[in-house]
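Counting convention: from 1, in listed order, for ligands and their atoms alike. Each residue takes its place number in the sequence, starting with 1.
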Amino acid sequence: MSAPSQLSKDPHNNYFDFGAARQVPETHTWEGLYEHPLVDGGVGAVEDAVPVVDLRDPHAAEAVARASEQWGTFLLEGHGIPSELLARVEARIVSVFALPASEKMRAARQDGQSHGYGLPPIASYFPKTTWSEGYTMSPANLRAELRKIWPDAGEDYRHFCDVMEEFHRQMLAVVDKLTVLFLAALGVAGVEAGRKIVETMSETVTMHINWYPKCPDPKRTLGLATHTDSGFFTFLMQSHVSGLQLFRREPDRWVGVPPGALIVNIGDLFQILTNGRFRSTYHRAIVNRDSTRVSVAYHLGPPADAKVAPLREAVGGGKPAYRTVTWREYFLVRKEAFTTGGSALQMVSLSPGDHDDDGDGADQISEISS
Ligand SMILES: O=C(O)CCC(=O)C(=O)O
Ligand SMILES: [Fe+2]
């Protein structure tokens, strides 16, 4: 593998003009992308159809449990977010990425910062660059953040912020509904630990918007590198263009997720909280020749320094499978895992004889506490 181009990975020094690219340069060429077969995960597929949960279904909690245990991903229906709003979100996102490089670069993510414009946050762990641009923002500081791009706070600024805030407001209602189902599925609906999870999660919302330009040679490159989401769970809104693929084992294969739906992904910290019952999924995004694609990953998790350990109800009479971690600590573990090619969840798992130094005995293990 050739040495990575530091320049093209550094949003402060360089900007890759996707619109002008007539081929995929070495810096953006990924090897081994098609080692495993690709299968269709659409509703018509029999074996590999990605599960669907309809929030209006009286048995939705059971469907959520099954999908979270067996897939770690499901398509969400009956969420009540008007498709007209989702179309406006998409249009406004397209308009941000269409701005001249010099304007976008005003918001470039600085080293060590989680928010800002540029390559997706996980890009720095990989030797090659992905065929995408991203922008990470939190609803709490959306207006201040976007002033970097639009210092005069004109009409485009107001339209973007208004639509993203409306999206956030409507998403919070969906988060509430889905959290009720998750807690019911886990049997902790009336339990203190469950209440704490719900109370703290909405404070941490981060929105990561992704823009995948058209690509002259899409098989040679990747839009977003293979990863699991690290928090509790993520909603993924995507445009009507396919690109998301889930990794499934036995046999190893990539399952193409149908475009257009709102998707829910279980994250690593939820796998820890549920003692491995709900599972996070490896996923990636590919690009295509004819259409640009947009997605919004709406990430939810605990406050950065809250201790997360397997819930008592999930451990039952058994042993905790994971040690206590905070999201902040887990990011460091994840960085090491990306760098060494290991699994972050494996690195925080406990063997039967291990003691959880931070767990402070059986009482603490089943809690999330700040
Ligand atoms: O664009 C996609 O389909 C995937 C996005 C994603 O996985 C993420 O931002 O975490
Ligand atoms: Fe993701």
Query raised in the report: Going by the angle between their ring planes, with limits at 30° and 60°, are Phe160 and Trp150 parallel, tilted or perpendicular?
Result: tilted
Requested in this report: Considering the heavy atoms of Leu236, write down every atom of ligand 1 situated less than 4.0 Å from one of them.
Outcome: 2 (C), 3 (O), 4 (C), 5 (C)
Report summary line: In ligand 1, the atoms that come under 4.0 Å of a heavy atom of Tyr212 are 1 (O), 2 (C), 4 (C), 5 (C)
Query raised in the report: Aromatic rings His28 and Phe18: how do their planes relate, parallel, tilted or perpendicular, breaks at 30° and 60°?
Result: perpendicular
**Report entry** Atoms in ligand 1 flagged as close to His283, the criterion being non-hydrogen separation under 4.0 Å
**Finding:** 7 (O)
Query raised in the report: Does ligand 1 have a heavy atom under 4.0 Å from the side chain of Thr234, from its backbone, from both, or from neither?
Result: neither
**Report entry** Distance in Å, Arg279 CZ paired with Gln70 CD, rounded so as to fall on 0.5 Å steps
**Finding:** 11.5 Å
Query - For atom 8 (C) of ligand 1, the protein heavy atom that lies nearest, with its residue and separation - result: Leu224 CD2, 3.6 Å
Query raised in the report: Is the shortest distance from a heavy atom of His227 to ligand 1 less than 4.0 Å?
Result: yes
Query raised in the report: Should the pair Tyr298 and Phe167 be assigned to parallel (<30°), tilted (30 to 60°) or perpendicular (>60°) ring geometry?
Result: perpendicular
Query - Hydrophobic cluster partners of Phe247 (side-chain heavy atoms under 4.5 Å) - result: Leu38, Trp254, Tyr282
Query - Identity and distance of the protein heavy atom lying nearest atom 3 (O) of ligand 1 - result: Arg293 NH2, 2.8 Å
Query raised in the report: Among all protein non-hydrogen atoms, which one is nearest to atom 9 (O) of ligand 1, and what is the separation to 0.1 Å?
Result: Asn210 ND2, 3.2 Å
Query raised in the report: Could you give the distance from CE (Met237) to CD1 (Ile93), rounded to the nearest 0.5 Å?
Result: 5.5 Å
**Report entry** Min N/O separation Ser295 to ligand 1 under 3.5 Å
**Finding:** yes
Query raised in the report: If you take all heavy atoms of Arg109 and Leu119, which pair is closest and at what distance?
Result: NH2-O, 3.0 Å
Query raised in the report: Does anything in residues 81-108 pair up under ring pair (Phe, Tyr, Trp, His ring centres under 6.0 Å), and if so which pairs, sequence neighbours excluded?
Result: Phe97-Trp211
Query raised in the report: Are any of the side-chain nitrogens in Asp162 or Arg143 under 4.0 Å away from the carboxylate oxygens of its partner?
Result: yes
Pair up each side-chain donor or acceptor in residues 260-269 with any protein partner under 3.5 Å, not counting sequence neighbours, and list the distances.
unit_1: Asn265; atom_1: OD1; unit_2: Thr73; atom_2: OG1; d: 2.7
unit_1: Asn265; atom_1: ND2; unit_2: Asp229; atom_2: OD2; d: 3.4
unit_1: Asp268; atom_1: OD1; unit_2: Thr228; atom_2: OG1; d: 3.1
unit_1: Asp268; atom_1: OD1; unit_2: Ser280; atom_2: OG; d: 2.7
unit_1: Asp268; atom_1: OD2; unit_2: Thr228; atom_2: OG1; d: 3.1
unit_1: Asp268; atom_1: OD2; unit_2: Tyr330; atom_2: OH; d: 2.6

Query raised in the report: Between Val241 and Arg293, what is the shortest heavy-atom contact and its length?
Result: O-NE, 3.0 Å
**Report entry** ligand 1 versus Asp229: contacting region, heavy-atom distance under 4.0 Å
**Finding:** side chain
Requested in this report: Check the side chains of His283 and His227 for a donor-acceptor pair under 3.5 angstrom, ignoring hydrogens and angles.
Outcome: yes
Query - For Ala297, atoms of ligand 1 separated by under 4.0 Å from a heavy atom - result: 8 (C), 9 (O)
Requested in this report: Could you please give the number of protein N/O/S atoms within less than 2.8 Å of the Fe ion (ligand 2)?
Outcome: 3
Query raised in the report: Counting heavy atoms only, which part of Gln238 comes closer than 4.0 Å to ligand 1: side chain, backbone, both or neither?
Result: neither
